[in-house]
Structure formats: structure tokens, C-alpha cells
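Okay, so here's the structure we're looking at.
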Amino acid sequence: MTDPVFFAPARPFSVSEIAGATGAELTDPSHGGRLITAIAPASEGGEGKLVFVEGRRNAPLLGGLTAAAVLCSADLARLVPRDVATLVTPRPQRAFALVGRLLYPSAARPQPFTGETGVSPRAFVADGAQLEENVIVEAGAAVGPGAAIGAGTVVAANAVVGPNAQIGRDCFIGPCATVQCAMIGNRVVIHGGAQIGREGFGFVAGPRGAERVPQIGRVIIQDDVEIGANTTVDRGALGDTVIGEGTKIDNLVQIAHNAKIGRGCLIAGNVGLSGSVTLGDFVQIGGGAGIADHLTVGTGAKLAAASGLMHDIPPGENWIGAPAAPAKQKLREFALMRRLGKGSEGGRNGE
């Protein structure tokens with residue numbers, strides 16, 4: 001449940017305001033003045049709460065629903081109790097997320113941790129660093145010489161911005177995150193503990209053991225990227241590691257040197273991208289998947305959770321499994337294995 005100690009709503013919103021903001025159709029205009037004070041899951045609801053129900057498999061939630069209003073698709077509207085305001089929209093979850101951002105703006109974007117403004121007297125900013133207006137550098141943070149930070153950016157407690165790193169405007173560098181050898185665009189969010197621009201795993205076998213290969217490239221992060229907590233993005237060995245505009249990366253992801261990630265990609269937690277992997281635009285990768293080095297995943301392709309990729313994926317295709325293969329092919333293989341398993345069980349039972 002939401003807790004006003006951590007996230008208090010900005011103000012109540014009427015059902016009519018929510019209809020206008022989301023483009024949803026209010027089926028009974030008499031409910032338009034009802035106030036929404038919080039959001040909740042449909043399984044809990046409650047007085048003054050807005051919920052959403054999406055997909056026919058969730059339709060049973062509407063039977064005993066108690067809430068001020070519900071966002072749902074047109075085919076489910078007839079199942080909503082008469083005392084609940086019904087907002088019809090083709091994409092209920094997306095509309096619900098928009099309302100959540102309106103109600104809880106502080107939860108939609110990370111906020112400073114210490115409440116300080118400007119440069120904390122307990123922070124370190126090197127001579128020669130350039131900070132534009134309204135930059136916040138919290139206690140314990142460090143900004144190296146030659147670094148440049150754009151207006152409105154927050155460098156949270158104990159974060160480190162390395163020498164000559166460039167960070168755009170309205171960014172957030174989370175607590176204990178490190179940014180070095182990096183050029184970062186505007187409105188980028190880097191959550192706590194993330195390591196941006198560290199040296200990659202560059203070693204070559206030698207007569208006396210592994211020898212280090214210097215990693216002298218950069219990390220380029222374009223506008224509106226979000227990088228989760230404790231994710232690592234290695235700098236390039238010779239060229240650059242690049243993350244395209246609008247890409248969202250979950251926690252605990254490893255992105256190795258010279259990876260090239262396109263625009264609008266979604267990468268879930270515990271994914272590992274090996275060196276020189278290329279992702280096209282709008283690629284989606286499920287949690288725990290791994291991609292071998294120098295592979296290409298085409299624009300719009302999807303790789304399922306826990307998959308292990310050892311071949312290129314053409315644009316738009318959906319691959320699953322380990323080793324990964326096109327989904328239809330892999331599902332046929334799974335079905336065959338099940339049939340073979342059942343056959344062997346029948347043989348043993350007949351002996």
C-alpha cells in the first residue's frame with residue numbers, strides 16, 4: 001500500500017480530471033466530481049483509490065471491486081460494479097501509470113537524499129570543474145577536475161564524477177554511483193551503486209598468465225536513458241560503449257566494453273551483454289538472459305528471460321531458450337521432448 005510517510009500525493013484529482021489527462025471515456029458523467037486521493041492494486045482497492053484491470057484473465061477482480069474508480073478496457077466495462085466510476089481506455093495500465101506520475105511526482109523521478117541545495121560544504125568539487133545553475137552536489141560526493149555538469153542535475157550523496165566526465169542537464173546520479181570516462185546527455189537517471197565507465201574485462205593470455213589490455217574508450221549515454229542500481233557499463237576498449245536515447249536498463253545488468261545499444265530498448269535485471277554486442281532500436285531482453293560477444297540483435301527483436309544467445313537475431317523476431325532459437329522452433333522442441341518423456345515413462349510402466 002502507498003504510505004504518506006514516503007510518498008504523499010501532490011493533491012486529489014477528480015475523476016473528470018483523470019479522464020481528461022488520460023483520454024479515457026467516463027461512462028457515467030455523474031461520477032466526474034469524485035475525488036481520487038491514491039492509487040492501489042485492484043485486489044485491494046479502497047475508498048478514494050483508483051485501480052486498473054487489464055486483460056480478460058483479470059476480469060474476476062471486477063466482481064467484488066471496492067474502489068472510487070477503475071481504468072479498464074471496453075470489453076470489461078460491463079463487469080464493473082455500478083458504484084465504481086468506470087474509465088474506459090484501450091491501454092489501462094499505461095493510463096494508470098500516467099495518473100500515478102500526476103499523483104506522486106516525487107516517485108516518478110529520484111529526489112535528493114539530504115535535502116541540501118547547491119554544493120554541500122561536505123562535498124568535494126575540484127578546481128576546474130564546471131557546474132551550471134541549480135546543480136546539487138550532496139554530502140560526500142566528489143566531482144573531479146575538468147568535469148562538467150549541466151543545470152538541474154543532482155549528484156547524490158557519496159557519488160563520484162570522474163575527471164573530465166560530461167553530464168547534461170536535469171540528470172540524477174544516485175548515491176555511491178561512479179561516472180568516469182563518460183559523456184552523458186540530458187535527463188539521464190543513474191541509480192545508486194551503478195558503475196559507469198569502469199575498465200572492461202580486457203585480458204589476453206600470456207606466458208606468465210593473463211595480461212591487461214588498456215581500455216581507453218568512452219561511454220556515451222544519450223538523452224532520457226535510465227540505468228538501474230548496481231548496473232555496470234564498461235567503457236570501450238578502443239571505440240565507445242553507446243547507449244541510445246530513451247533506453248531503460250534494470251538493476252544488476254552487465255554491459256561490457258564496446259557494446260552498442262539502440263534507442264528505446266528495455267533490458268531487465270541480471271542481463272549480461274558481452275563485449276561488442278549490438279542491439280538495434282526497441283529491443284526487449286528478459287531478466288537473466290545472456291548474449292555472447294560480437295552478436296547483433298535486430299531492431300524490434302525480443303529475447304526471453306533466462307535465454308542464452310549464441311547467434312544473431314534478425315529484426316522483429318522473438319527468441320527463447322538456452323541456447324536461444326526462434327520461439328516457434330523452440331516450443332516445437334519442448335513439445336517433442338515432452339512427448340518423448342511421456343513415451344519413455346509408458347515403456348517403463350509396461351515392463
Within a strict 4.5 Å, meaning less than it, do heavy atoms of the Pro323 and Lys330 side chains meet?
yes

Check the hydrophobic clustering (I, L, V, M, F, W, Y; side-chain heavy atoms under 4.5 Å; chains of links allowed) and say if Ile136 and Val119 are grouped together.
no

Stepwise side chain to side chain donor-acceptor pair (under 3.5 Å) test for His191 and Glu226
CA-CA 8 Å; His191 288 280; Glu226 184 159 340; 2.7 Å; yes

Under a 4.5 Å cut-off applied to non-hydrogen side-chain atoms, are Arg212 and Glu199 in contact?
yes

Taking the side chain as every heavy atom from C-beta outward, state whether Ile261 and Val225 have any atom pair closer than 4.5 Å.
no

Basic-acidic side-chain contact under 4.0 Å: Arg187, Asp224
yes

Sole residue of Arg218, Lys260, Arg235 in salt bridge (charged side-chain N to carboxylate O under 4.0 Å, His left out) with Asp240:
Arg218

May I ask you to test the Pro9-Tyr104 pair for a side-chain heavy-atom distance under 4.5 Å?
yes

Considering only heavy atoms from C-beta outward, does the side chain of Ile267 approach that of Thr231 to under 4.5 Å?
no

Can you confirm whether Gln254 sits close enough to Asp234 that some side-chain heavy atom of one is under 4.5 Å from a side-chain heavy atom of the other?
yes

Is it true that Arg122 and Glu116 make a salt bridge, defined as a side-chain N closer than 4.0 Å to a carboxylate O?
yes

Given side chains that start at C-beta, do those of Ile221 and Val233 come closer than 4.5 Å, heavy atoms only?
no

Geometric cation-pi criterion, Arg11 with Phe13: 6.0 Å, 45°:
yes

Within the structure provided, determine whether Ile291 and Ser274 are in side-chain contact (heavy-atom separation under 4.5 Å).
no

